[in-house]
Amino acid sequence: MLSIKLFGMVKTLAQQQKELSLEFVDGQKVEDLVEVLRAQYPEIGELVLKKKVLISVNQEISHPDTVISTADEVALLPPFAGGSLEANSKGKMKNAKVSR
Amino acid sequence: MLSIKLFGMVKTLAQQQKELSLEFVDGQKVEDLVEVLRAQYPEIGELVLKKKVLISVNQEISHPDTVISTADEVALLPPFAGGSLEANSKGKMKNAKVSR
Amino acid sequence: MAVEIEETMLVRVQAEDFSVDEEINRVRARSTRIGGIATFLGTVRDRSKGRDVRLLTFEHYEGMAQKKLREIRERALQDFDVIEVLVLHRYGAIEIGENVVLIVVGAEHRADAFRACEWCIDELKKITPIWKLEETPEGDVWVEEHP
Amino acid sequence: MAVEIEETMLVRVQAEDFSVDEEINRVRARSTRIGGIATFLGTVRDRSKGRDVRLLTFEHYEGMAQKKLREIRERALQDFDVIEVLVLHRYGAIEIGENVVLIVVGAEHRADAFRACEWCIDELKKITPIWKLEETPEGDVWVEEHP
């Protein structure tokens, strides 16, 4: 199993779960994780595919071919409060509404 | 008589006097004041002539043809702590040593 | 050991408010060569992209946020002619007008302090995993961009 | 009347030390639209042009110094997209490491705050009739240029 930390609007999309636990084979790549997400959490998977949400592995932004061990610290990072990563161009993403 | 306020190294050159009182005809110009200074305080007059010390009239930097009334507030301004006025190029002037 | 403790104080993510004087004094204490200290303080505005804002809540990725702020401090010390850099960000609920983020840079000369300070806050906003929830009359929204 | 009193506090030449927090709060209090506050604090360095410095004494032209600082504040408010500007300079004897001059600029956006803050301190150093006596091991010297 692989634990994935969630933050901000991604956490909201996952019904306020702080972490997801996914079946994941040790040594697969980030691109494989994206497929798992698309199958199980289509809305989140789509945002990751469009690079609007980035995947960090051990606190560094990953690439599609970054290899993941199930012991790694993996997180899904929506666009930061302060602006956007290179992969995200400004203002493209709609704000996610939160229902309370 | 015309009162002239002194500051910094000009005050030091005038034996720590805060103000000079000069015979001055109402309505003469700044260029006339420079001549009076050169005659009575040659060291200070020379600095004024070289624009290393500026003359302010009513708290504004004057020009040679600015007319002075004896009721005006006149001051001699050595180069400011923060840098130099346009008329003073940086680093040209030697620091004035003060003997205590 | 003393240096490690000091460095911990120079890069922080915390819920509590801070005193700018105290933070400036940490930087000033590093060297009597410091002649200019440039500071940036980010506060909560009451408007964001045309929306009224009542409250902001900041969430951060514990560990990665600190790591990125440490990187920013170290790169600033390496790339600019500055003596000390302090980087501080708050998390949790923060009201209108209150402090969110602080950068303090001490240098011998002011131009270097300004350059480094502005670089730090620009970089912080690009690479630090911190998110912001705006409470507005139309509901709560997670926003991408800081005002 | 209230505005006049406030403006008096926003441009000062004083012997006493000041708190950066208090001065920032004066600026912050002017508008909830402020999202970024850029500050420059000038302190006394222990070296100036290769000389050791033990103490600095600042002398100002009372009246004209305040007038020039007011002009700086007004021009900054007019020429930059900023909300409030505070300009403060001390006079008298000031020891190594202590505060000399403070500029605080509040704006909606940080780039404007930085631009205006740096312009203010550059302009202050050019046009304000303030002089500085350095006490060094070789004697006391009046200096033209601030470190």
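As the structure is a prediction and not an experimental result, all values here were calculated from the model. Below, read A as the first sequence line, B as the second, and so on, with proteins coming before strands; counting in each chain starts at 1.
Here B:Lys5 does not pair with D:Glu62 in a salt bridge; the nearest charged N to carboxylate O distance is not below 4.0 Å.
One distance of note links OH of D:Tyr61 with CD of B:Glu73; it measures 3.5 Å at 0.5 Å rounding. The line from CE of B:Met9 to CG of D:Asp140 is 14.5 Å long, rounded to the nearest 0.5 Å. Here B:Lys18 contributes atom NZ and D:Glu59 contributes atom CD; the two are 8.5 Å apart, rounded to the nearest 0.5 Å.
Atom CD of B:Glu19 has more than 12 neighbouring heavy atoms from other residues, nucleotides or ligands inside a 6.0 Å radius. The local environment of CD in D:Gln14 is crowded, with over 12 non-hydrogen atoms from other residues, nucleotides or ligands closer than 6.0 Å. For D:Arg12, the CZ atom sits in a packed shell: over 12 heavy atoms of surrounding residues, nucleotides or ligands are nearer than 6.0 Å. Around atom CG of D:Asp79, more than 12 heavy atoms belonging to other residues, nucleotides or ligands sit under 6.0 Å away.
For the residue pair B:Phe80 and D:Lys125, the shortest heavy atom distance occurs at CB-O, 4.4 Å.
D:Met64 places none of its side-chain heavy atoms less than 4.5 Å from the side chain of B:Glu60.
Between the side chain of D:Trp131 and the backbone N or O of B:Phe7, no donor-acceptor pair lies under 3.5 Å.
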